[in-house]
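Scroll down for the structure; my scribbles are underneath it.
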Amino acid sequence: MSIKIFNTMTRQKEPFVPLEEGKVKMYVCGPTVYNYIHIGNARPAIVFDTVRRYLEYRGYDVQFISNFTDVDDKLIKAANEMGSDVPTIAEKFINAYHEDTCALGVQKADAHPRVTETMPEIIEFIDNLVKKGFAYEAAGDVYFKTRSFEGYGKLSHQSIDDLKSGARIEVGEKKEDPLDFALWKAAKEGEIYWESPWGKGRPGWHIECSAMAKKYLGDSIDIHGGGQDLAFPHHENEIAQSEALNEAPMAKYWMHNGYINIDNEKMSKSLGNFVLVHDLVREQDPQVIRFFMLAVHYRNPINFSQELLEVAETSLNRIRTAYENLKHRLTVTADLAEDSDKWAKVIDDTRAKFITDMDDDFNTANAISILFDFSKEANVYLQERNTSKAVITDFIHLFDELAGVLGLTLQKEEELLDEQIEALIEERNQARKDKNFSRADEIRDLLKEQNIILEDTAQGVRWKRDK
RNA sequence: GGCGGCAUAGCCAAGUGGUAAGGCACGGGUCUGCAAAACCCUUAUCCCCCGGUUCGAAUCCGGGUGCCGCCUCCA
């Protein structure tokens with residue numbers, strides 16, 4: 001049995017066969033860091049974090065890259081409005097992104113490249129496209145000549161002529177064709193800029209992902225992911241840029257997660273109905289948010305509401321309670337029963353079913369239903385007068401194993417909190433050893449915000465809560 | 001106009017040819033000093049509607065209705 005992935009390019013589930021046996025190269029489009037992320041941004045973060053965890057669980061060596069767009073029009077606008085500058089705004093919201101996604105159980109990528117740190121590669125990429133005749137310079141801008149790339153529209157399954165009717169030229173643009181898109185934008189007066197062969201300016205939106213994927217993962221990658229709205233035009237343009245230059249398929253599998261609606265309406269600034277993760281996690285257990293997202297298949301839309309979130313919490317608590325029941329029994333009873341083949345089989349079957357469901361295009365909704373079934377099995381077992389510590393331990397281990405694949409922790413909240421603190425302290429210790437004192441201080445400040453005081457003593461670090 | 005998605009019990013949600021998972025809520029029962037937790041039973045003769053293919057369809061095909069997304073920055 002192998003993993004199957006729904007590929008947007010072919011519109012069907014395909015067996016997953018990586019380019020290089022045992023290895024997976026994954027690139028997921030990250031946020032433009034001009035504000036705190038909303039729950040719509042959180043979905044791809046959680047979905048693709050789960051994909052990554054599952055691929056690793058299945059034995060793949062996964063290289064996971066996710067970018068930050070830290071310079072673009074929205075950032076420039078935000079900086080002006082806040083009376084700040086682009087690097088300051090970007091830095092602030094990159095830190096906030098890490099904080100918010102960490103709360104949601106999202107692991108850091110192997111690298112989080114930023115546009116501003118990839119400038120030489122981006123410029124070289126554009127330069128080579130110009131040299132190959134796929135792009136042209138026009139008064140300080142550089143545009144990609146869309147019609148020069150055969151196969152444009154293959155991801156979104158649109159013919160280039162159908163697209164043309166929807167395309168438009170903004171006033172003042174110097175495109176030769178409405179479908180052409182910007183690779184490089186000349187800087188206006190007072191705007192942040194970088195030097196380039198075409199003068200002072202900054203990259204267009206799409207080029208960064210092409211340049212970063214190439215820099216970190218090579219000309220062809222296994223999985224490219226993002227929200228479904230990125231399929232067109234963003235990913236279509238990435239394909240055009242990358243394949244025109246590299247002459248190799250950019251990605252083998254294209255994955256797109258569905259939208260989140262608020263009370264059945266699309267989240268948007270104009271409707272004022274967007275929910276920031278930063279605000280939500282103050283009143284809602286982040287694990288519940290993650291559970292809520294994974295309870296629906298990643299390609300389907302999710303409707304978000306406070307009521308549904310509360311139902312999700314009740315549901316998750318059923319699993320958590322079963323887990324706690326097991327832990328509690330372990331501490332209060334003796335080892336009174338023999339090991340049993342019957343329960344060993346339940347455990348093996350549960351793992352097998354979980355894998356079957358996840359293999360099928362990461363069907364986390366089904367995988368979670370397996371956890372419910374397993375919770376019931378655990379409770380049934382605990383009804384027996386005499387139980388075996390080994391069996392109970394096996395139950396607990398499997399809970400940890402499977403919930404871990406989904407990025408969920410079943411520990412009680414207080415315990416979880418302590419564990420997180422310990423983990424952060426450990427990370428800080430390492431940072432101090434590495435003489436990365438800025439990161440060490442960052443962690444100390446982070447904990448201080450949570451009223452956790454760290455004290456470095458000769459015997460090591462101790463911490464206490466500042467009441 | 002082009003491309004695409006969705007419609008399954010009161011609610012949420014899997015299931016893409018073999019006879020309706022799971023969760024929440026509701027009702028009945030068991031256990032229990034109380035409470036909690038838990039267990040058992042019950043809850044869709046049927047999957048938007050109409051045709052068709054098939055031994056057999058929620059699942060495939062045709063038509064219809066309703067809702068939604070992309071085609072412009074967007075997760």
The nucleotide from C70(B), A13(B), C3(B) with an atom nearest the side chain of A365(A) is A13(B)

Taken to the nearest whole Å, CG/D229(A) to P/G5(B) is 17 Å

Assign each of V380(A) and N261(A) the nucleotide of RNA chain B bearing its closest heavy atom; nearer the 5' end lies the nucleotide of V380(A)

(Q) Does G5(B) have its OP1 or OP2 closer than 4.0 Å to a side-chain nitrogen or oxygen of R299(A)? (A) no

Q) Is the gap between the ring centers of F181(A) and Y143(A) under 6.0 Å? A) no

message: Within the 4.0 Å heavy-atom criterion, would you say D373(A) contacts the bases, only the backbone, or no part of the nucleic acid?
response: sugar-phosphate

Does the ring center of H256(A) lie less than 6.0 Å from the ring center of H235(A)?
-> yes

Determine the Euclidean distance between corresponding P atoms of C26(B) and A14(B); express it in Å to zero decimal places.
24 Å

Pairing partner of A7(B), by Watson-Crick or G-U wobble and under 3.5 Å for both distances, is U65(B)

Per atom distances to the F232(A) side chain, the nearest of C70(B), A75(B), G23(B) is C70(B)

### Task
Kindly say if K77(A) contacts the phosphate of C73(B), meaning a side-chain N or O under 4.0 Å from OP1 or OP2.
no

- Does the side chain of N325(A) get closer than 4.0 angstrom to OP1 or OP2 of A37(B) through an N or O atom? no

Atom CZ of F181(A) and atom P of C71(B) are separated, to the nearest Å, by 15 Å

Answer for the Watson-Crick or wobble partner of C34(B), both distances under 3.5 Å, is none

Among the nucleotides G69(B), A38(B), A75(B), whichever has the atom closest to the side chain of Q228(A) is G69(B)

Q. So what does G40(A) hit on the nucleic acid, given a heavy-atom distance under 4.0 Å: a base, only sugar-phosphate, or nothing?
A. base

Side-chain atoms of L230(A) come closest, of G23(B), A37(B), A75(B), to A75(B)

Pairwise P distance for C47(B) and A21(B), with rounding to whole Å: 15 Å

Side-chain atoms of F372(A) come closest, of A14(B), A37(B), G22(B), to G22(B)

Of C3(B), A75(B), A13(B), the nucleotide closest to the side chain of N257(A) is A75(B)

Pick base, sugar-phosphate or nothing for I260(A), based on heavy-atom distances below 4.0 Å to the nucleic acid.
base

Using the ring centroid of each side chain, check whether H98(A) and F68(A) are separated by less than 6.0 Å.
yes

Walking RNA chain B from its 5' end, the first of S159(A) and N303(A) to be reached, judged by nearest nucleotide, is S159(A)

Q | Touch class at under 4.0 angstrom, heavy-atom based, for N300(A) against every strand present | A | sugar-phosphate

From CZ of F374(A) across to P of G22(B) the rounded distance in Å is 17 Å

Applying the 3.5 Å cut-off to both distances, the Watson-Crick or G-U partner of U72(B) turns out to be none

pair_partner(A20(B)), Watson-Crick or wobble, both distances < 3.5 Å, evaluates to none

inquiry  = What contact category does G258(A) fall into here, base, sugar-phosphate, or nothing, at under 4.0 angstrom with non-hydrogen atoms?
reply    = base

Next on the checklist: Please confirm whether the ring centroid of Y34(A) lies under 6.0 Å from the ring centroid of F93(A).
Outcome noted: no

Against the side chain of V296(A), the closest entry in A14(B), A75(B), G2(B) is A14(B)

**Q.** P spacing across the pair G5(B) / G52(B), given as an integer number of angstrom
**A.** 26 Å

Contact under 4.0 Å: R318(A) side-chain N or O vs C39(B) OP1/OP2: yes

- [ ] Pick the P atom in G23(B) and in G69(B), then give their distance to the nearest Å.
- [x] 32 Å

Q) At under 4.0 Å, does any side-chain N or O of K266(A) touch on OP1 or OP2 of C70(B)? A) yes

Heavy atoms under 4.0 Å, any strand shown: does H297(A) hit a base, just sugar-phosphate, or nothing? sugar-phosphate

Q. What is the nucleic acid contact for N363(A), judged by heavy atoms within less than 4.0 Å: base, sugar-phosphate only, or nothing?
A. sugar-phosphate

- Query: Below 6.0 angstrom between ring centroids: does that apply to Y27(A) and F64(A)?
  - Reply: no

Strictly distance-based, threshold 3.5 Å: is any side-chain N or O of D357(A) a donor or acceptor partner for the main-chain N or O of N363(A)? no

Give a yes-or-no answer on whether the side chains of E401(A) and Y57(A) include a donor-acceptor pair shorter than 3.5 Å. yes

message = Suppose you measure atom C1' in G10(B) against the same atom in G17(B); what distance do you get, rounded to whole Å?
response = 30 Å

In whole angstroms, the gap separating C1' of A75(B) from CG of N273(A) amounts to 14 Å

Given the C1' atoms of A7(B) and A58(B), what is the spacing between them in whole Å? 11 Å

Euclidean distance for C1', G62(B) against A57(B) (whole angstrom): 15 Å

- For N366(A), which contact category applies under a 4.0 Å heavy-atom criterion: base, sugar-phosphate, or nothing? base

Could you tell me if the ring centre of Y54(A) sits under 6.0 Å from that of F48(A)? no

From CG of L155(A) across to P of C3(B) the rounded distance in Å is 16 Å

Here the distance between atom P of U16(B) and atom CG of D361(A), to the nearest Å, is 11 Å

With the side chain defined as heavy atoms from C-beta on, S369(A) is closest, among C24(B), G22(B), A13(B), to G22(B)

Query raised in the report: If you measure from the C1' atom in A20(B) to the same atom in U43(B), how many Å do you get, rounded?
Result: 14 Å

F291(A) CZ to C24(B) C1', in whole Å, measures 10 Å

Between CG of L316(A) and P of A13(B) the distance, given in whole Å, is 17 Å

Scanning all shown strands, the Watson-Crick or wobble mate of U53(B) with both distances under 3.5 Å is none

Heavy atoms of other groups near Q12(A) CD, more than 12 under 6.0 Å
yes

